[in-house]
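Numbering of ligands and ligand atoms starts at 1, following listing order.
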Amino acid sequence: MKIDQLHEALAGLVRGPSWRQRRLLGGPQGAHVELDGKPCLSFASNDYLGLANHPALRAAAARALREAGLGAGASHLLAGHHVLHDRAEIELARFVEMPAALLFSTGYMANLAVVTSLLGRGDALFADKSNHASLVDAALLCRAEHHRYRHADIDHLEDLLKHSGAGNKMIVSDAVFSMEGDIAPAEKLLDLAQRYHAWLYLDDAHGFGVLGANGQGSLAHQGFGEKARGYPGLVYMATLGKAAGVAGAFVSASSDVIDWLVNKARTYIYTTAMPPALAAAVMESVRVIRDEPWRHDALRENIRAFRSGCDGLRMRLSASDTPIQALILTRDDKALQVSDLLLARGVYVPAIRPPTVPPGTSRLRISLTAAHQLSDVRQLVANLHDIFDA
Ligand SMILES: *Cc1c(COP(=O)(O)O)cnc(C)c1O
């Protein structure tokens, strides 16, 4: 974009189908929020367990603020690696039953770290076409060959692996896909990774805290945790700003992989550590995820109620048992229209449009949480029927 063309280019975007603008959240995240100064029922956050404003997490952070202050003040490798970071890493690794874990300030940075530290020129990355944007960027940055296989298509992936001459390979996939809510065939990915001696990198941003007994995540949910943990090429990542309700992310893998990242990952080395108080909140979050099972039950009940409520709706509903539910429209302007209609009725459901999703698949992305009451879900469903059955 040239300096003197920017203004005109913006004028072309304004209020068009791909114009993006931010709404102002007042007060804390939750099922009921204040958006642009008005109260509304929100299905827009990734706060799947309703922990973003949990009193115990807030208290843990407040306590740590008093004891550790606010800013980390430096990168982990200089003077910023606080004892609270260290303890959080140990607890996270224990919770997902992996040998070691490493905290990152964001999931985006964790994805860049893993892919660029383990792959380089001449290597090959095999990525699901529906992977998160940060994984696409990681692929570009690492300079390896970038093969994208059809969404969840194991045969296509195997074909690509078979024809690759690269010595160092990595398979990378969202464990739960962020725009549709469907679950990756992770055990089959692991089988292929073992057979082709490739790394398997799973991004569990939307599974951690939500899936598996006690919210341990996708490996536990799919019942092959033990097998996966026995493979030294497994690298697992989860974000802490979604179900965990805080911020940041962690990578979990063999201690060799973790040591390698500490030494090589530029998005780990050249950035300030997250505030230690957030690490304290993360530890409290793990405790709540484990010890408040009613949240998982409430979430599952909301998912079931939403899906059965959508019976008869003349719309394609994504095949998803997770909190991410997508109603897919073929016309890209329609998603925005419906989103506006819902908001006028006090219900916020964001429209997701290209380039976040492929053209012709714009959608309403509904995030259900444990903080929603069944009556909230019923209100959403009733409004959808009103709009679509009209
Ligand atoms: C949100 C998300 C990320 C990025 O995590 P942040 O901590 O928000 O930077 C990475 N991968 C997936 C699949 C995500 O949904």
Inset, instruction - Inspect the surroundings of CZ in Arg143 and state if more than 12 heavy atoms from other residues, nucleotides or ligands are less than 6.0 Å away. - result: no

Donor-acceptor list for residues 382-389 side chains, cut-off 3.5 Å, not counting sequence neighbours:
from, atom 1, to, atom 2, distance (Å)
Asn383, OD1, Arg345, NH1, 2.8
Asn383, ND2, Gln379, O, 2.9
His385, ND1, Asp389, OD2, 2.8
His385, NE2, Gly309, O, 2.8
Asp386, OD2, Arg345, NH1, 3.1

Inset, instruction - Report yes if some N/O of Asp174 lies less than 3.5 Å from some N/O of ligand 1; otherwise report no. - result: no

Legend entry - Salt-bridge criterion met for Glu292 and Arg295 (N-O under 4.0 Å): yes

Inset, instruction - For this output row, return yes or no: ring centroids of Phe250 and Phe208 closer than 6.0 angstrom. - result: yes

Legend entry - Test of proximity, Lys242 against ligand 1: N or O pairs below 3.5 Å: yes

Legend entry - Geometric N/O contact Ala249 with ligand 1, under 3.5 angstrom: no

Legend entry - ligand 1 versus Asn111: contacting region, heavy-atom distance under 4.0 Å: side chain

Legend entry - Sole residue of Glu158, Lys169, Lys162 in side-chain hydrogen bond (donor to acceptor under 3.5 Å, both in side chains) with Tyr196: Glu158

Legend entry - ligand 1 contacted by Met109 (non-hydrogen, < 4.0 Å): no

Legend entry - Identity and distance of the protein heavy atom lying nearest atom 13 (C) of ligand 1: Asp203 OD2, 3.3 Å

Legend entry - Phe104 and Tyr268 aromatic centres sub-6.0 Å: yes

Inset, instruction - Give the residue, atom name and distance (to 0.1 Å) of the protein heavy atom nearest atom 4 (C) of ligand 1. - result: Tyr108 N, 3.6 Å

Legend entry - Phe177 ring center near His132 ring center (under 6.0 Å): no

Legend entry - Donor-acceptor pair, side chain of Arg266 and main chain of Lys264, under 3.5 angstrom: no

Inset, instruction - Identify, for atom 6 (P) of ligand 1, the protein heavy atom at the shortest distance, and state residue, atom and that distance. - result: Gly107 N, 3.3 Å

Legend entry - Thr239 N/O under 3.5 Å from ligand 1 N/O: no

Inset, instruction - Please confirm whether Gly241 comes under 4.0 Å of ligand 1, counting heavy atoms of the residue only. - result: no

Inset, instruction - Check ligand 1 against His206 and write out every atom of the ligand that is under 4.0 Å from a heavy-atom position of the residue. - result: 14 (C), 15 (O)

